[in-house]
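For the numbers below, each heavy atom of this structure counts, side chains included, while hydrogens, waters and symmetry mates do not. So you know, we letter chains A, B, ... as the sequences are listed, proteins then strands, and number each from 1.
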Amino acid sequence: MIPSIIDIAVVPVVIAASIFLPPLLDGVERKIKAIIHSRIGPPILQTWYDLLKLFGKSILAPRNSLHIMTLILMYAVLSITTLILFLYGIYCNSLHYVIASVALFMMIQALYLTIPFVTSNPFAAIGLSREIMIMLINEIAFITAFSLILYFTRGIYTWSFYYTVLVIVLLISSYVSSGRIPFDLAEAEPELASGILIEFSGPFLGIYHYTSLVKRFLVKIVPSYLVLSLFPLDPYIRVVLVIMFSCILWLLYATIAPLLGRSRVDIAPSSLLKLYTSLFAVALILFILGL
Amino acid sequence: MSLEYLKKSIWVFHLNTGSCNACDIEVLDVLTPYFDAERFGVKLVVSPRHADAILLTGPITYESLPKVVKAIESAPRPRIIIALGSCACGGGIWYDTYSTIGGVPELLKILKEHNIEVDGVYYVPGCPVRPESIIYAIGLFKGLVEKKVKRKVKKAGF
Amino acid sequence: MNNDYIEKVITELKARGASDISVSHDTIFVSVESDKLRSLVEYIHNELDCYFRTCGGCDERPINGFFALYHIFGDDKHGLNIVVKTYASSDDPKFPTIVDIVPAADWCEMEAHDLLGFEFTGRRQYRLVLPPNWPKGLYPLRKEVPYNIRPKPSTSGEQISKPTNIAAIPIGPYHPALHEPEYFELYIEGEKVVDVKYRGFHVHRGIEKLGETRMTYQQINFLAERICGICGFVHSTCYCQAVEKAARIDVPERALFIRSIVLEVERIHSHLLWVGVAAHLLGYDTGFMHTWRIREPVMVLAELLTGSRKTYGINLIGGVRRDIDESKKKKALEFLDIVEREFKTLADTLLSIPQIKKRLKETGILPKEDARKLSVVGPVARASGLDRDVRRDLPYAAYKYVDFNVPVYDEGDNMARLLVRVDEVFESIKILRQLLDQIPKGPIIAEDITIPEERMAVSLTEAPRGENVHFVITGRGKPYRWKVRAPSYQNIPALKIMLNGVQLADAPITIASIDPCFSCTDRILVIRDNGEKYWLKLTHPRGGSSCPRSL
Amino acid sequence: MSEKSLGKKLGLFKILIIAKKAGRVTRKYPFEKPLVTDEFRGKIEIDEKECIGCGACANACPPNALKLIKGENTFILQYFIGRCIYCWRCIDVCPTNAIKGTREFELATPDLNDLYESVVHDVIKCRECSKPIMTVKAKDYIISKVSVSENYIDLDPDCRKKHFLSSIEKRFSGGIE
């Protein structure tokens, strides 16, 4: 069947959103942080200027690191395609694409962990062990919440109390996995001299930084998709609304981050664990009561 | 290598090579709300790997020389050196003592011996350097302002 | 100063072999044979309960053909200094060590060992001040060595020694948390710090040698001000007071008031700076930005009063170079009101951040008896229960005209050190207000300044980081010997105890909690040349093993 | 207790109120005037018409930024801005108030030679051993201050000593060579 004009029009919007939007949002986030610091702050395109400059630098392979370039490129390409796949899945409202892209997202998280393994630097190793501690709890919460929603609603999303509790769990875990202040232990700048990033320079750093921004955007689409799929909407409006909603989520997180201090690797996981288990317990009780 | 891309986003790695840390505090002061160097795209980074500009304060003592050379070597090209304060520009009040080498002009000679190239050197005098003069140096590098100092040789007249 | 107490001390000292005793101002000068030194030091440090201030070697061969070593003790309760002088022949300068009696003397002895070639019998000696590849036998502080001698600089640093079993994490020499080049090697198991090896002092610039050779009396004020870029005015005031005490110059009242005013302005800016950096280290950048926004008017006030934002340069021997007129006084009071009001609200907000409270409580604990044994100074001492403040114990400049209270906490953890500094900001503002409206009329510099030779004087000031000691022996046109002991010099050894058992994430905040000013301290350098791991047993009961074989 | 701990809990949002009250305090410096008080000590300016090349400032300068380079037939007073510590001691000691203090602090430059300013003085030579003694302007200044010094001012200190000794010898030895 010949795709209608609207189908064709949606594709560039989706691709543009998934490639150009994340660094732009990062620029807006730095602006918000500057406003809270009561200073002017960088221009919105600053993150793009940083990335362009980084790609212009000479290549210094990290000290005694094995084929790092392949891992980074794989990581970059995979995350962009997952983002496009997810948005397309939302557009044509097929559950298979959504589940496939969430699974791909889990692979991206695993890839995100293997890259610092390759560079042998004590700071990178410690940053990585902290990231694993956080991710163990956070990803499991993310997956159980998402699968519980799918299991309970069989794909037909209807509003209910336990539904909102599970979406709240997804919101919290998307905040944590985006590595913002209380949980940016992997790159804790004053403690580990930017932990996992310490050995990358120039293009390596550019791609790695760009991809972590795309991953941040990807992780916000899941909760916004679940919230928006409650309302009957035309496909293309739904895609645009999902993108808008995740941008709003990004800005909301950007205002919360400067208000908190960095937590520690023995406090953060335990407090997260308590939070998630209590929320899941509430969700189960609500489900059993049939609300 | 061209410094064109550097003009929009300068990542600075700060090296205190034996300074009395008045200039280092003014470097931090430049990031605070009143002066806010981030509006020019300047960011303080923590590892020479990420750095474009190596900011040297202090008269480079004998003890810190090996670390300074290693840090400059590990920064990717194009890289520039900014000598901040009287200690870095000319050795400061202790320019000729037994345990300092006398600032960045001497360091450049040592770097030339080890053929480590640098794509630019900027001198910012001051004791301590005012935050505004650091921002003036950033403006000079980005081409927003012109240079004010010039070599003058005056004949003593009546 | 109660003279009968001084008489009692003098008779006691005489009984223990002290000879040619003289008293001037608040200092007792005593000299003793090197074999009776240890018993005298034991008496002073333990029975008289004096704190160890510092010890400095001096090459007096041109004067009397001997090498001299001055041990300086301080009795805060009675506001008294005791200087013990011992001699050694010029061919083999040997002195008995006092490190097992007074652990805090370890670094001063090693500095004399490095810079003057003194041998200390009865202890392990290692190179302290000079870079590892400094030629052997070249002792810079000896009179015949020129101040601008320059051996060939080497660019190959020595390799970091890695004990195999424990992972060693280098923090430094260029670490974002410590905006100064010092090098801590933390041995960690998991993320718990097990041991610390400290080698820093990349900032040794040979200031004392410069003060004895190229500089004249009035020029050293500007050199002393640049020992430390944050608390520089404290050093230049301390130096001026030492020379004025030695030469018996009486400084006009108004100059004393102006000095105290600028000292307190510097204390406010230094404490605000530290609170901002501490917030940054804990990830709370908004706190850093707002604390430094509040600090900016203090810098502008300093520039208004003295002409420069930081290195004020208004101190001369005999007085000051700039006056404070009515308009400046009014503007100063305005600035103080703004700073006090804004910092009050910000301090409450800072203390209500959950992460900051959790990470500062019970981390980096320094127990009281260790603090006493290492005689730590300033906020670190006041946070561990030692009630020491030079402004109240040995009042100098115009501090005898103002009243203020000294905040003391007993927990000794990072939170206590933060609270001490926050309280001290408000105390300083109170002091400044009293000074500003009690300032008398009159000249701001003494008329005739003649400085006789061969006079000795010890002077103390309270820097934002602690007690600051300057010891001067006057010479012709320039000091014969000028010994500086900065506050961080006493506090860094205490880090060994604070960092034990602390999480790695809290190591930077613990190191920064003593507010180390390495450019003050950096006339010394601690290195363990054979890489073997030692263990500091300070809290052991008295007896053989209480000597700190490491550091 | 709950109200207080609640206040404590919400304490972290108080920073937004502080930021709101403070507003944007950044001064857009290169395009806006800097926040400099008129007490600031900046770069010094040597007025070559007043300077007599006596070198008092060079002695008083702690970091030796001001140097009097004694050449063969010119004395050069060289001011190296890179090492100056802006203490203005030279202004206090200059006999003819030739040095003025400015509030100039925008001194950044990519080339080190821009930081050198020098004043060139011609020199008078000793009439006997033709070694350079002092600058011409210093001679006029001394004569204007101490007029009797006219006849032996252009003598080198050593030659002056020789003259003085020979004149004493002549007086006491009855004029016999």
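The 12-atom threshold is not exceeded at NZ of C:Lys331, counting heavy atoms of other residues, nucleotides or ligands nearer than 6.0 Å. In this structure, A:Phe20 places its CZ atom where only 12 or fewer heavy-atom neighbours from other residues, nucleotides or ligands lie under 6.0 Å away. The 12-atom threshold is exceeded at CE of A:Met106, counting heavy atoms of other residues, nucleotides or ligands nearer than 6.0 Å.
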Given A:Ile267 and C:Gln503, is the side-chain contact (heavy atoms from CB on, under 4.5 Å) satisfied, shown in steps?
CA-CA 11 Å; A:Ile267 302 171; C:Gln503 287 284 342; over 6 Å; no
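The two residues A:Ser38 and C:Arg293 have their closest heavy-atom pair at OG-CD, 3.6 Å. Residues A:Pro182 and C:Gln355 come closest through the heavy atom pair CB-NE2, 3.9 Å. A pairwise comparison of heavy atoms in C:Asp285 and A:Lys33 identifies OD2-NZ, 4.2 Å as the closest pair.
Taking 4.5 Å as the limit, every side-chain heavy atom of C:Lys358 sits out of range of all side-chain heavy atoms of A:Arg264.
Both the backbone and the side chain of A:Leu260 come within less than 4.5 Å of a heavy atom of chain C. The parts of A:Ile36 that come within reach of chain C are both its backbone and its side chain, each placing non-hydrogen atoms under 4.5 angstrom from that chain.
Rounded to the nearest 0.5 angstrom, A:Arg39 CZ and C:His290 NE2 are separated by 9.5 Å.
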